[in-house]
**Student:** 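Quick one: the structure is below, and I'll ask about it shortly.
Just so we're on the same page: letters track the sequence lines, and every chain starts at 1.
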2 protein chains.
Amino acid sequence: MQNRIQELRKSHKMTQAELADVLEVTRQTIISLEKGKYNASLFLAHDIAEFFGLSIEEVFIFEGGHINVEETIRETKARHE
Amino acid sequence: MQNRIQELRKSHKMTQAELADVLEVTRQTIISLEKGKYNASLFLAHDIAEFFGLSIEEVFIFEGGHINVEETIRETKARHE
DNA sequence: ATTAAAAGTAAAGTTTACTATACTTTTTTG
DNA sequence: CAAAAAAGTATAGTAAACTTTACTTTTAAT
């Protein structure tokens, strides 16, 4: 999963330490998120998006995996019969 | 944090086992999320929202904590000078 | 009323987000 | 260029999301 944290942080002219401080996480967390070492929790994702005035989906890019809902439901239901 | 998983699952006439199967998690996970025992990861939150054709923010209700962005930036920057 | 299906509980184990600390490298600025 | 600020690396530890298994309670169907 990709994210626009670094880009958004820079456009707000903030350092990693400042962003970490605002979000009440450590600088390590910001570095790791920007570097893609791991993914934010739902809470932190929400706080980041809210801080930048965006939706979670606008900050975090979830690639692939577009499910055909109707088909998936049919298949899954069949599997459970 | 609240979520609308149970409501959405029922409106799709699915059991917990079926939803778990579709989302490729265990039934325990669905039960625990519906019961509010813990929060979904960002990944799972995305998969759930996508499955129901909604945004993460439409499925998960993040209460409180509305930050005044400009003020927070000013304060935080001051703290870092 | 029985039975079966669905929902729920409990607890131990794994994985991963996040912290804390300490040190190194890169970038910025005077 | 030199100093300071910012960014990055590494690693051990904690917390919480998620799994696995096994058993109990509630709801639905006949």
Side-chain angles (χ1 to χ4, degrees), chain A residues 1-52 56-57 59-63 65 67 73-81, chain B residues 1-52 56-57 59-63 65 67 73-81:
Chain A
M1 194 206 316
Q2 304 205 134
N3 69 69
R4 295 173 50 208
I5 298 174
Q6 188 168 55
E7 169 201 343
L8 291 163
R9 173 176 63 79
K10 286 185 175 168
S11 74
H12 279 71
K13 300 227 192 304
M14 296 179 78
T15 66
Q16 293 176 331
E18 287 167 347
L19 182 58
D21 199 19
V22 166
L23 298 169
E24 294 179 318
V25 293
T26 61
R27 194 169 60 90
Q28 270 317 306
T29 298
I30 301 300
I31 291 171
S32 300
L33 291 179
E34 288 190 358
K35 288 268 149 185
K37 289 205 182 165
Y38 51 68
N39 303 293
S41 68
L42 184 50
F43 263 127
L44 183 50
H46 169 258
D47 286 351
I48 292 170
E50 184 182 56
F51 178 72
F52 289 122
I56 291 175
E57 286 88 346
V59 178
F60 297 87
I61 296 117
F62 306 89
E63 59 257 357
I67 303 167
I73 291 179
R74 242 181 293 115
E75 286 171 3
T76 306
K77 278 191 153 319
R79 212 175 304 133
H80 281 263
E81 265 157 23
Chain B
M1 193 206 317
Q2 303 206 131
N3 70 68
R4 294 173 52 208
I5 298 174
Q6 187 168 55
E7 169 201 343
L8 291 163
R9 173 177 64 80
K10 285 185 174 170
S11 74
H12 282 253
K13 300 226 192 307
M14 297 178 77
T15 66
Q16 294 176 330
E18 287 167 346
L19 182 58
D21 199 19
V22 167
L23 297 169
E24 294 178 318
V25 292
T26 61
R27 193 169 60 89
Q28 269 318 305
T29 298
I30 301 300
I31 290 171
S32 300
L33 291 179
E34 288 190 357
K35 286 269 149 185
K37 289 206 182 163
Y38 50 69
N39 303 293
S41 68
L42 184 50
F43 262 127
L44 183 50
H46 170 258
D47 286 351
I48 291 169
E50 184 181 56
F51 179 72
F52 289 123
I56 291 175
E57 287 87 347
V59 178
F60 298 86
I61 296 117
F62 306 89
E63 59 255 357
I67 304 169
I73 290 180
R74 242 181 294 115
E75 285 171 3
T76 307
K77 279 189 150 323
R79 213 175 303 133
H80 281 264
E81 267 156 23

**Student:** Whole Å only: how far is the CD atom of B/Gln16 from the P atom of C/dT9?
**Tutor:** 10 Å
**Student:** Less than 4.5 Å apart, side chain to side chain, heavy atoms only: is that true for B/Ile56 and B/Leu42?
**Tutor:** yes
**Student:** Would you check if A/Glu18 and A/Arg9 make a side-chain contact, meaning some heavy-atom pair closer than 4.5 Å?
**Tutor:** no
**Student:** With heavy-atom distances below 4.5 Å as the criterion, would you say the side chains of B/Leu8 and B/Asn3 are in contact?
**Tutor:** no
**Student:** How long is the span from the NZ atom in B/Lys10 to the CD atom in B/Glu34, to the nearest 0.5 Å?
**Tutor:** 7.5 Å
**Student:** Let's see if you get this right: which residues in residues 30-39 of chain B place a heavy atom under 4.0 Å from DNA chain D?
**Tutor:** B/Tyr38, B/Asn39
**Student:** How close or far is atom C1' of C/dA17 from atom CG of A/Leu23, stated in whole angstroms?
**Tutor:** 15 Å
**Student:** On DNA chain C, nearest-nucleotide positions of A/Ala40 versus A/Arg27: which is more 5'?
**Tutor:** A/Ala40
**Student:** For B/Lys10 and for B/Phe43, locate the closest nucleotide of DNA chain C by heavy-atom distance; then report the residue assigned to the nucleotide nearer the 5' terminus.
**Tutor:** B/Lys10
**Student:** B/Gln28 CD to C/dT9 P: how many Å, rounded?
**Tutor:** 10 Å
**Student:** Taking the side chain as C-beta and beyond, is there a heavy-atom pair between B/Leu33 and B/Val25 under 4.5 Å?
**Tutor:** no
**Student:** Taking atom CZ of A/Phe60 and atom CG of A/Asn39, what is their separation to the nearest 0.5 Å?
**Tutor:** 8.5 Å
**Student:** On the 0 to 90° scale, with breaks at 30° and 60°, tag the B/Phe51-B/His12 ring pair as parallel, tilted or perpendicular.
**Tutor:** tilted
**Student:** Can you find a heavy atom in the side chain of A/Asp47 that is under 4.5 Å from one in the side chain of A/Glu24?
**Tutor:** no
**Student:** Atom OG1 of A/Thr26 and atom CG of A/Asp21: how far apart are they, to the nearest 0.5 Å?
**Tutor:** 11.5 Å
**Student:** Could you tell me whether a side-chain N or O of A/Arg27 sits under 3.5 Å from a main-chain N or O of A/Gln16, the two making a donor and an acceptor?
**Tutor:** no
**Student:** For DNA chain D, what string of dots and brackets results from 5' to 3' when Watson-Crick and G-U pairs need both distances under 3.5 Å, crossing pairs get [ ], and pairs with another strand get |?
**Tutor:** ||||||||||||||||||||||||||||||
**Student:** Rounded to the nearest Å, what distance is computed from the NZ atom of residue A/Lys13 to the C1' atom of nucleotide C/dT28?
**Tutor:** 14 Å
**Student:** What is the 5' to 3' range of DNA chain D, first to last nucleotide, that sits under 4.0 Å from any heavy atom of chain A?
**Tutor:** D/dA6 to D/dA10
**Student:** Under 4.0 Å between a side-chain N/O of A/Thr26 and OP1 or OP2 of C/dT19, yes or no?
**Tutor:** yes
**Student:** Is the closest side-chain heavy-atom distance between B/Leu23 and B/Ile30 below 4.5 Å?
**Tutor:** yes
